[in-house]
Amino acid sequence: EVQLVESGGGLVQAGGSLRLSCAASGFTFDDYAIGWFRQAPGKEREGVSCIRSSDGSIYYADSVKGRFTISSDNAKNTVYLQMNSLKPEDTAVYYCAAGRISLLVDPSIAYEYDYWGQGTQVTVSS
């Protein structure tokens, strides 16, 4: 059974930090890119970041460049999203997703991913 389990969300003040984790199981980790998406109320799901463990390539949305860092621990099949200098506009439910590397063209597009976690809430207060 494929599982993606996010953790690490919470409430933080603007300027603070959080680290999200995405623990993957049930598929060959090295064959998949892991992406982070977020969705705020009334807004479309937005691609935030993505990492391909096969070659280490990384994608960041412009809105988070310089503030968020994605990393992967292949031994643990876990991907992390370190979020620094958080802003109120970062408030959203954050999801991790897995997409087969051989088929993934645009890491920012949600429909290119096959598996999704249940999401974790991140709330940034001003």
Side-chain angles (χ1 to χ4, degrees):
E1 179 188 6
V2 172
Q3 282 194 317
L4 293 169
V5 180
E6 303 98 335
S7 61
L11 173 64
V12 64
Q13 288 188 331
S17 298
L18 285 173
R19 189 177 81 153
L20 305 184
S21 299
C22 173
S25 62
F27 59 92
T28 303
F29 191 72
D30 290 348
D31 290 343
Y32 283 77
I34 303 296
W36 284 98
F37 288 76
R38 65 187 181 186
Q39 189 164 19
K43 294 189 176 181
E44 292 188 358
R45 193 164 293 193
E46 174 192 14
V48 173
S49 184
C50 177
I51 187 168
R52 295 194 314 197
S53 59
S54 59
D55 61 4
S57 65
I58 288 174
Y59 158 83
Y60 293 109
D62 288 343
S63 57
V64 305
K65 279 181 182 176
R67 300 188 299 121
F68 290 11
T69 302
I70 192 170
S71 61
S72 177
D73 185 338
N74 290 4
K76 296 182 179 180
N77 285 5
T78 299
V79 170
Y80 304 97
L81 187 68
Q82 178 67 43
M83 306 186 296
N84 299 329
S85 302
L86 283 162
K87 305 174 182 180
E89 52 264 43
D90 294 319
T91 295
V93 177
Y94 283 71
Y95 300 88
C96 67
R100 189 173 286 275
I101 289 173
S102 60
L103 300 178
L104 191 66
V105 176
D106 186 339
S108 70
I109 304 298
Y111 68 69
E112 296 209 9
Y113 291 80
D114 303 305
Y115 307 117
W116 290 83
Q118 81 288 350
T120 186
Q121 177 70 46
V122 172
T123 302
V124 184
S125 63
S126 56

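- Remark: the backbone N or O of Y59 is paired with a side-chain donor or acceptor of S49 at under 3.5 angstrom.
- The nearest pair of heavy atoms linking I34 to A98 is CD1-CB, 3.7 Å.
- The nearest pair of heavy atoms linking E6 to G119 is OE1-N, 2.9 Å.
- Residues D30 and S54 bring no donor and acceptor atom of their side chains to less than 3.5 Å of each other.
- Here the CZ-CG distance, from F68 to N84, works out to 8.5 Å after rounding to the nearest 0.5 Å.
- Within the structure, disulfide (SG to SG under 2.5 Å) pairs that include any residue of residues 23-85 do not occur (at least two apart or interchain).
- When every heavy atom of L104 is checked against every heavy atom of A33, the shortest pair comes out as CD2-CB, 3.5 Å.
- Looking at V105 and E112, their side chains come closer than 4.5 Å, going by heavy atoms from C-beta outward.
- Within the structure, ring pair (Phe, Tyr, Trp, His ring centres under 6.0 Å) contacts touching residues 20-53 (residues at least two apart or in different chains) are F27-Y32, F27-Y115, Y32-Y115, F37-Y113, F37-W116.
- Identified under the disulfide (SG to SG under 2.5 Å) test for residues 61-126, with sequence neighbours left out: C22-C96.
- Side-chain contact check for T91 and E89: no donor-acceptor pair (N or O, by modelled atom type) lies under 3.5 Å.
- Looking at S25 and E1, their side chains never come closer than 4.5 Å, going by heavy atoms from C-beta outward.
- Note: E46 CD to R38 CZ = 4.5 Å, rounded to the nearest 0.5 Å.
- The existence of a salt bridge linking K65 and D62 is confirmed by a sub-4.0 Å separation between a basic side-chain nitrogen and an acidic carboxylate oxygen.
- Applying the side-chain contact (heavy atoms from CB on, under 4.5 Å) rule to S85 yields the partners R67; only residues at least two apart in sequence or on another chain are considered.
- Shortest non-hydrogen contact noted between A24 and L4 is CB-CD2, 3.5 Å.
- If you run side chain to side chain contact (heavy atoms under 4.5 Å, CB included) between M83 and each of D90, V122, V124, only V122 comes through.
- We find the CZ-CG distance between R100 and D114 to be 7.0 Å, quoted to the nearest 0.5 Å.
- Y80 has its side chain out of reach of T69: every pair of non-hydrogen atoms, C-beta onward, lies at least 4.5 Å apart.
- The two residues A92 and A40 have their closest heavy-atom pair at CB-N, 3.8 Å.
- Side-chain contact check for L18 versus L86: some heavy-atom pair is nearer than 4.5 Å.
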Below 3.5 Å, can you tabulate the donor-acceptor pairs from side chains in residues 70-79 to any protein atom, sequence neighbours excluded?
| residue | atom | partner | partner atom | Å |
| --- | --- | --- | --- | --- |
| S72 | OG | N74 | OD1 | 2.7 |
| D73 | OD1 | A75 | N | 3.1 |
| D73 | OD1 | K76 | N | 3.3 |
| T78 | OG1 | K76 | O | 2.9 |

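- Summarising the geometry of S108 relative to D106, their closest heavy-atom pair is OG-OD1, 2.7 Å, with the distance given to 0.1 Å.
- In this structure, Y111 shares a hydrophobic cluster with I109, the cluster being traced through Ile, Leu, Val, Met, Phe, Trp and Tyr side chains under 4.5 angstrom apart.
- Two residues are said to be in side-chain contact when any heavy atoms from C-beta on lie closer than 4.5 Å; Y95 and R45 meet this criterion.
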